[in-house]
Amino acid sequence: MNLQTNIFPESLRKILSEAKRIAIVSHEHPDGDAVSSATAIYNYFSAKTENCRIVMPNDFPEFLKNIPGSDRIINHNDSKTEVERTILEADVIFCTDFNDEKRVGKLSETLIKAQGVKIMLDHHPSPSGFAAYFYSDIEACSASEVVFEFLQKYDANFLNKEIAECIFTGILTDTICFSVNSSRSRTFEISAELLKLGIDKDRIYGDVFNKFSENRIRLSGYLFNRKMIILKDLKAAYVILSKEDQTAYDFQSGDSEGFVNIPLSISGVDVSIFIQEKTDFFKLSLRSRNGVDVNLMARQYFEGGGHKYAAGGRIYAQDIGEAENKLIEILKKYLK
Ligand code: 5GP
Ligand code: MN
């Protein structure tokens with residue numbers, strides 16, 4: 001079965017119009033596209049359905065809190081029972097911006113157990129097959145763009161200013177302001193439709209790219225000055241953010257947003273890896289260009305995945321030294 005299709009499944013019309021309880025779920029450590037795609041769906045269906053809720057595995061960064069509807073999101077870390085009940089009692093469960101049940105972390109068991117009709121709206125390659133319906137386009141810049149197409153096919157009059165703001169935020173964040181993954185004209189056509197609704201582009205840009213803390217800027221200076229390692233032979237660069245440095249700079253979720261992209265602006269660097277020391281493992285963010293496939297690397301070596309040029313994963317190690325050795329060994333093997 002081809003799981004990757006952007007043909008609107010007509011059998012969904014009745015299911016959606018009759019749904020009384022809708023749950024919208026996105027991935028762990030929600031980023032701009034996760035929050036935006038989920039809130040866009042929420043802003044549409046909350047006006048049509050008795051009960052519509054957004055649930056996430058954990059909280060999302062402060063700079064995404066102006067997205068319309070994001071104040072309604074509840075997360076499993078803070079409200080375990082309520083989140084699990086919402087998923088288990090839903091007739092319809094939208095899953096946005098992820099392609100594999102493992103991406104919802106501690107919620108994956110609940111998601112698999114739930115009996116509601118699962119609809120995946122996404123843009124990652126190779127879905128795992130957990131949902132009943134797939135609406136997926138790997139050419140789309142973001143899951144938010146996929147949500148635009150999906151809602152438009154369901155209801156030609158779906159768009160309002162709130163939904164436009166959500167979708168535009170998802171497009172801006174996943175393309176880093178149209179700098180990556182945004183070469184097809186459809187992305188710009190959709191963006192033009194959104195701007196026609198009167199959304200304030202400059203305010204949205206400012207919310208997501210100019211609201212960082214002073215600590216983040218100081219941490220960035222420190223890391224790129226003192227911690228960035230460049231492996232010239234492999235055209236790779238990496239930075240490891242230790243627990244010690246997280247404490248020293250009062251690190252908050254979202255503070256390292258975008259750091260992984262910075263080494264890719266160095267001539268001769270085709271792969272960049274940002275590593276954050278967590279309690280039980282090291283979390284990796286990978287970015288690449290010029291044909292290097294980090295999705296494949298993350299799948300093969302880091303228990304992760306993502307897109308060709310943007311992926312994530314993890315390394316299990318006792319300490320930073322061991323994690324670094326493992327990383328270098330894998331880079332040598334994969335990038336040779
Ligand atoms: P980021 O580096 O921004 O966290 O993630 C980059 C891309 O990789 C996103 O599309 C994200 O969904 C995906 N990704 C991040 N971490 C993981 C992971 O652990 N597993 C999988 N399958 N995808 C991931
Ligand atoms: Mn995305």
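Read the numbers this way: they start at 1 and go in the same order the structure lists the ligands and their atoms.
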So that I know where these two stand, are [X] and [Y] an aromatic pair - ring centroids less than 6.0 Å apart?
X	Y	answer
Phe282	Tyr316	no
Tyr154	Tyr135	no
Tyr238	Phe274	no
Phe209	Phe63	no
Phe45	Phe94	yes

Please work out, at 4.0 Å between heavy atoms, whether the side chain, the backbone, both, or neither of [X] comes within that distance of ligand 1.
X	answer
His124	side chain
Arg103	side chain
Arg287	side chain
Arg314	neither
His123	neither

For His307, atoms of ligand 1 separated by under 4.0 Å from a heavy atom
10 (O)

Is Lys153 paired with Glu149 through a side-chain N to carboxylate O contact shorter than 4.0 Å?
no

Thinking salt bridges, do Asp207 and Lys65 make one under a 4.0 Å N-O criterion?
no

May I ask which of Gly306, Ser285, Gly313 has a heavy atom nearer to atom 1 (P) of ligand 1 than the others do?
Ser285

From CA spacing to verdict: salt bridge (charged side-chain N to carboxylate O under 4.0 Å, His left out), Arg203, Glu165
CA-CA 10 Å; Arg203 201 262 301 149; Glu165 268 196 35; 3.0 Å; yes

Restricting to side chain to side chain donor-acceptor pair (under 3.5 Å), what partner residues turn up for Arg226, sequence neighbours left out?
none

Which residue owns the protein heavy atom closest to atom 7 (C) of ligand 1, what's the atom, and how far is it?
Ala310 O, 3.5 Å

Closest approach of any protein heavy atom to atom 15 (C) of ligand 1, naming residue and atom:
Gly312 CA, 3.4 Å

Would Lys283 count as a polar contact of ligand 1, with the cut-off being nitrogen or oxygen pairs under 3.5 Å?
yes

Geometry only, no angles: is Gly305 polar-contacting ligand 1 at N/O separations under 3.5 Å?
yes

Starting at CG of Leu159, measure out to CD of Glu193 and round the result to the nearest 0.5 Å.
7.5 Å

Asp91 side chain vs Lys20 backbone, donor-acceptor pair below 3.5 Å:
yes

Excluding waters, how many protein N/O/S atoms sit closer than 2.8 Å to the Mn ion (ligand 2)?
4

